[in-house]
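One structure below.
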Number of protein chains: 2
Amino acid sequence: MELTNKQITVIFKALCDENRVQIVRLLQNGEKCACRLLEALQCTQPTLSHHMKILCDSGLVVGRKEGKWMYYSISAEGTDIAVQCLRELTKVSESSGCCCK
Amino acid sequence: MELTNKQITVIFKALCDENRVQIVRLLQNGEKCACRLLEALQCTQPTLSHHMKILCDSGLVVGRKEGKWMYYSISAEGTDIAVQCLRELTKVSESSGCCCK
DNA sequence: AAAACATATTGACAGCTTTCTATTTATATG
DNA sequence: CATATAAATAGAAAGCTGTCAATATGTTTT
């Protein structure tokens with residue numbers, strides 16, 4: 001998995017905003033309709049729509065349209081990529097000196 | 001480990017900027033002096049200092065002062081917290097319906 | 001076809017981020 | 001002690017982000 005610096009920022013930008021973190025928490029209970037999220041979120045519908053776009057762009061969340069409703073859920077694949085990305089990015093190479101370099 | 005939404009945003013804000021992602025990559029090879037990072041980074045010294053502050057605030061990076069030099073490295077503890085935080089945040093509860101809710 | 005509803009898009013504005021130059025603080029050296 | 005060096009801070013400018021009101025798009029129902 002080779003991600004550019006730019007792609008990495010897109011993933012983690014999703015979690016840079018308190019409202020979006022809250023949305024992810026709400027989705028931990030399973031797939032939710034946008035209107036349900038809106039009820040829980042003290043913001044307007046366009047603002048929610050904006051946040052959902054950023055979450056979907058990051059890959060952490062996926063949307064599914066059903067009639068006039070939009071259902072969102074946490075993406076297992078997307079979150080696996082994010083976790084692996086974070087692990088690899090913060091992994092210190094074995095040949096690197098400890099604190100005594 | 002109970003982090004607030006705000007604390008979570010502070011962690012991931014560190015990785016929302018391409019320059020900071022690049023800095024973390026540079027630190028994968030081990031502890032580095034600020035002046036070394038500056039050489040590799042096409043930005044001014046105050047800008048680097050600003051980014052290092054955000055990285056340290058996130059806990060992903062730690063700084064160590066030695067004389068007039070400042071040495072930075074990836075924090076094993078901080079990155080473990082970040083990975084665990086990301087895992088927990090994106091974990092879907094077992095009782096949640098699949099796609100058929 | 002018209003009305004109602006759910007969501008997305010547009011455009012505007014306030015506030016935050018990134019970046020720079022200039023300056024300050026702290027440390028080492030002649 | 002004066003000078004040089006490394007890093008942090010202050011202040012300002014440009015650009016990005018989050019937010020809203022208004023509007024558009026798409027879907028269902030009457």
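Just so we're on the same page: letters track the sequence lines, and every chain starts at 1. These numbers were taken from a predicted model, which means no experiment stands behind them.
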Distance-only donor-acceptor hits, side chain of residues 51-58 of chain A, under 3.5 Å, sequence neighbours excluded:
residue, atom, partner, partner atom, Å
A/His51, ND1, A/Arg20, NH1, 3.1
A/Lys53, NZ, A/Asp57, OD2, 3.4
A/Ser58, OG, A/Leu55, O, 2.6
A/Ser58, OG, A/Leu60, N, 3.1

query = Which ILVMFWY residues are connected to B/Trp69, directly or by a chain of links, through side-chain heavy atoms under 4.5 Å apart?
reply = B/Tyr71
query = What is the distance, rounded to the nearest whole Å, between atom CG of A/Leu55 and atom C1' of C/dT7?
reply = 16 Å
ask   = Do B/Leu48 and B/Ile23 have side chains that get closer than 4.5 Å, going by heavy atoms?
value = yes
ask   = Does any N or O in the side chain of B/Gln28 come within less than 3.5 Å of the main-chain N or O of A/Glu88, such that one atom is a donor and the other an acceptor?
value = yes
query = Do B/Leu26 and B/Leu41 have side-chain heavy atoms sitting under 4.5 Å apart?
reply = yes
note = When rounded to whole Å, the CG to P distance for the pair A/Leu38 and D/dC20 reads 10 Å
request  = Mind checking side-chain contact (heavy atoms from CB on, under 4.5 Å) for A/Ser49 and listing every partner two or more places apart, or none if nothing turns up?
outcome  = A/Gln45
key: Set of residues satisfying side-chain contact (heavy atoms from CB on, under 4.5 Å) with respect to B/Glu2, sequence neighbours excluded   = none
remark   = A/Met52 atom CE is separated from C/dA6 atom C1', nearest whole Å, by 14 Å
query = Nearest-Å distance, CG (B/Leu48) to C1' (D/dT9)?
reply = 14 Å
inquiry  = I'd like to check B/Leu86 versus A/Leu15 (side-chain heavy atoms, cut-off strictly below 4.5 Å). Are they in contact?
reply    = yes
ask   = What is the distance from CG of A/Leu37 to P of C/dA8, rounded to the nearest Å?
value = 11 Å
note = Here the distance between atom C1' of D/dA6 and atom CZ of B/Arg64, to the nearest Å, is 15 Å
task = Could you state the atom-to-atom distance from OH of B/Tyr72 to P of D/dA6 in whole Å?
result = 14 Å
remark   = B/S/- along nucleotides 15-22 of chain C (protein heavy atoms under 4.0 Å) is --SBBBBB
note = Rounded to whole Å, CG of A/Leu41 lies from C1' of D/dC20 at a distance of 15 Å
task = Evaluate the side-chain proximity of A/Arg25 to B/Ile8: yes if any heavy-atom separation is below 4.5 Å, no if none is.
result = yes
key: Summary of protein contacts for nucleotides 25-30 of chain D, nucleotide by nucleotide, where a base hit scores B, a sugar-phosphate-only hit scores S (4.0 Å, heavy atoms)   = -SSS--
